[in-house]
Amino acid sequence: MKRLVSLRSLPRRADLVKRQCRRYSAVAESPSDAIKPYYVTTPIFYPNAAPHIGHLHTLVIADIFARHAKLCDPNRPVRFITGTDEHGLKLQQAAEAKGMAPLDFCDELSVHFRKLTKKANVACTRFTRTTEQQHCDAVTHLWRELRDHGLIYKGRHAGWYSVSDETFYPATQVCQQEKDGVVYHISTITGSRVEWQEEDSYKLRLNEFRLRLLDHYLIHNPEAIQPPQFRADVKNMLLDGVEDLSISRRRSRLHWGIPVPDDPEHTIYVWIDALTVYLSSVGFPWKTKGNNGLADGWPPDVQVIGKDILRFHAIYLPSMLMALRLPLPKNLLVHSHWTVERTKMSKSIGNVADPVKAIDEFGIDLVRYYLARVGGRFKDDVDWSQEQLQKHSREIISLLGNLYLRATSAKIRKRVDSVPRPSISLLSSTGTSALEPLLNSLKALAPTYEQNMQRFQVADAVDTVVLALQEANLLMTQAAPWSKDTPAAVAADVQALVFETMRQCGILLQPFMPEKAALLLDSLGVPPDQRTLADAAFGKADLADVRPGVRLFDIDMSKL
C-alpha cells in the first residue's frame, strides 16, 4: 500500500530531512526583483528534425512573458534564452545514418531553429548550443561540484530506456504492446519504444532530495507549477518514490557528448548536459563569489516547457540546484501538446504542421495571436487547424483592423470636426448611457489583463482585450457616429472612446502582436515612451494626431 504524506505532517518531515542533510544549505533567497533581471527560458530543442508548430508555440509563449516583463517595467533587463540540445545517442545515430559527422549534422539542423526565432519575431537574448565550449565547461564544472558534495557514485543501472527520449522510464510508466505478433514496450508518457538495458554508470543521489522537493512544492511554493494539474502529477511522482538517476553512458556506446571528468570511458548523460543550459546561458559558473548568478538573472522567473519533460524540470533540475545551494526557478509553466486531427504530430505519419508555412501565409502576428488565443490555456492538448487559424485571423482583423478604418472614416471625421475634441477623463460625466458599458470595461481592462498574466492565464488575458474590442465595435454600430441623426457631440464622444479602446488594447497587445500593436500605436500617435502597462490605464492620454485610413492588416481577406 502506498504511504501518503499529509500536508500537516510535511513541515516536521522536512525539518527532519534538513537535520539529516546539514551539508546542504537552505535554498538561497533571491534579492528584490527590482535589482534582478527578468529571466525566462524555453527548453533547448532537439535538432533531429525541422521545427514544428509545437516549437513555435513554446517560443511564442516565452516571448510573450519576456515582452510582458518589459511592458511592466521598461527599465528592468530581460534575459530570454532558447537554443538547441546537440548531444546524445539519437543525434549520434541520425548523423551516422546520413554519413555525417555529428557536429556537421547539428550545424545543419540547428540553423533552422535559429531562423525560426527570427521569423517568429522572438526577442531572445541568447541562443545557446550545447556544443559551445562555454556550455561544455559549465557542465564539467557542475559535475565536479556534484561529485565533490558526495552526490555522485558509480553503480549498476538497469531499466527501460528510450533512445528517442534519451531517458530511462520507471516500470510504472511503461506498458506492453503487441502489433502483428510482435511484442514490445512503450513509454506511457510519450508513446516511444523502450528497451530493457543494464550497464555500469555513474549515478546521482536523487532520492536525497525527494522530501525537500515535496516540502518546496507543497509548503513553500505551492503555485510554482502551472497549471495546477501538473502540480498534482509532480506530487504523485515524488510520493511514488524517486530512484537515483543514471547520469552517464559508456563511451563505447555513446561518444557524442561531454566526457565525464577524470573518466574518459564514460559520457555525461544528455539530460544533465541539457538542464545545465539554463545556468550556462547566464554565465555559470559565476566568477563573483556569493553572486550565485543573481545579477545575471538567476533564478528563472518562468520556465516554459512541454508536459513530456515535466519530470526533468520539476525533479531533476531542482535537485541539482539544491545540491549546488542555488535558488530554484520561481515558476514552471507547463503546456500541453499541439495535435493534428487529434493525433500527435509525427514525421512517420506525415502530419507535422509547418510553422514557417503558416507564418508565410498569414504573417507572424496573426499566427502568434492564434497560438495565444487558442493555445494559451495549457491544460489540454490543442488541435492545429487551418480553419481555426483563418477564423481567429478574421476575428482580430475585423475587431481591430476594421474598427480603426471605421473610426477614422471621412464621414465621421467631417462630423466631429465641427465640435470641440472631448477629453477622455471627462467622458464619464457626459451622462450618455450608450457609453457606459464600454467605459466600465475600459476602466477594468488593464487590471483584469494583468491579473490574468500574473496567473499565467495567457488566453484569458487576450480574451479581456477581445471583449473590449467587441464592445467598441458594438458601440460604433449602435451609436452610428457617421449618421446625421446622431448629434455631432455624441459622435465625437463615441469616436474618442473608440480611440481610447484601441490605445489601451494596442498597449496590451504588444507582447502578443508586437508588429501590429506598434503600427496601431504609431497610427494613433501614441509616443513610444507612453506604451507601458501603467500607460494602459483608462484616460491616461488624449489622442490628437490619429492618422486616418491606416490598414493595420494587409492580408488578402479572400484567403480567409
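All residue numbers refer to positions in the sequence shown, counting from 1.
For the residue pair T448 and T464, no side-chain donor N or O sits within less than 3.5 Å of a side-chain acceptor on the partner. Side chains of R406 and T477: a donor on one and an acceptor on the other come within 3.5 Å. Checking R311 against Y316 by side-chain atom types alone, a donor-acceptor pair falls below 3.5 Å. Using a 3.5 Å distance cut-off with no hydrogens or angles, the side chains of Q173 and S187 do not pair a donor with an acceptor. Side-chain contact annotation: T42 with T58, donor-acceptor N/O pair under 3.5 Å absent.
Partners of A274 according to the side chain to side chain contact (heavy atoms under 4.5 Å, CB included) rule, which considers only residues two or more places apart in sequence or in another chain, are I44, D85, W271. Taking the salt bridge (charged side-chain N to carboxylate O under 4.0 Å, His left out) definition, one finds that D360 meets it with K119, sequence neighbours left out. Taking H335 as the reference, H57 meet the ring pair (Phe, Tyr, Trp, His ring centres under 6.0 Å) condition, with sequence neighbours excluded. Legend: residues meeting ring pair (Phe, Tyr, Trp, His ring centres under 6.0 Å) with W384, ordered by chain and number and at least two apart, are W338, Y370. Residues that satisfy the ring pair (Phe, Tyr, Trp, His ring centres under 6.0 Å) test with H55, not counting sequence neighbours, are F45, H52, F113. Partners of R114 by side chain to side chain contact (heavy atoms under 4.5 Å, CB included), not counting sequence neighbours, listed by chain and number: F127, R129. In this structure, the side chain to side chain contact (heavy atoms under 4.5 Å, CB included) partners of Q226, at least two apart in sequence or on a different chain, are E223, P228, R231, L333, F456. Q176 is linked by a side chain to side chain contact (heavy atoms under 4.5 Å, CB included) to V183, H185, counting only residues two or more places apart in sequence or in another chain. A search for ring pair (Phe, Tyr, Trp, His ring centres under 6.0 Å) contacts involving Y217 returns nothing, not counting sequence neighbours.
Between the K307 side chain and the H337 main chain, no donor and acceptor come within less than 3.5 Å of each other. Of the possible polar contacts, none joining the R503 side chain to the V526 backbone as a donor-acceptor pair under 3.5 Å is found. Without hydrogens or angle criteria, T125 side chain to F80 main chain gives a donor-acceptor distance under 3.5 Å. Proximity of a side-chain donor or acceptor of Q134 to a complementary backbone N or O of S280 within less than 3.5 Å is detected. Using a distance-only test at 3.5 Å, with no hydrogens or angles considered, a donor-acceptor pair links the side chain of S336 to the main chain of F378. Panel note: side chain K391, backbone Q386; no donor-acceptor pair is recorded below 3.5 Å. Between the W256 side chain and the E86 main chain, a donor and an acceptor come within less than 3.5 Å of each other. Checking side-chain atoms of Y404 against main-chain N and O of S523 turns up a donor-acceptor pair under 3.5 Å.
By the 6.0 Å and 45° rule, R193 stacks over the aromatic ring of Y184.
Closest approach of I225 to V334, counting heavy atoms only: CG2-CG2, 4.1 Å.
Pairs of residues two or more places apart, or lying in two chains, never qualify as salt bridge (charged side-chain N to carboxylate O under 4.0 Å, His left out) while including a residue from residues 39-57. Sorted by first and then second residue, the pairs that involve residues 440-460 and meet salt bridge (charged side-chain N to carboxylate O under 4.0 Å, His left out), not counting sequence neighbours, are R377-D460. Residues in residues 40-67 take part in these salt bridge (charged side-chain N to carboxylate O under 4.0 Å, His left out) pairs, two or more places apart or across chains: D63-R67, D63-R368.
Screening L254, T267, D273, I268 against H87 for a side-chain contact (heavy atoms from CB on, under 4.5 Å) leaves a single residue, D273.
Residue E195 places its CD atom among 12 or fewer non-hydrogen atoms of other residues, nucleotides or ligands, all under 6.0 Å distant.
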Given the rule in the side-chain contact (heavy atoms from CB on, under 4.5 Å) test, do I272 and L142 qualify, once you have shown the distances and angles that lead to the verdict? CA-CA 9 Å; I272 297 295; L142 177 134; 4.0 Å; yes
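Summarising the geometry, atom SG belonging to C505 is positioned 11.5 Å from atom CE belonging to M513; distances are rounded to the nearest 0.5 Å.
By the 4.0 Å N-to-carboxylate-O rule, D463 lies close enough to R373 to be salt-bridged with it. Residues D301 and K330 are paired through a salt bridge, judged by an N-O separation under 4.0 Å between the basic side chain and the carboxylate.
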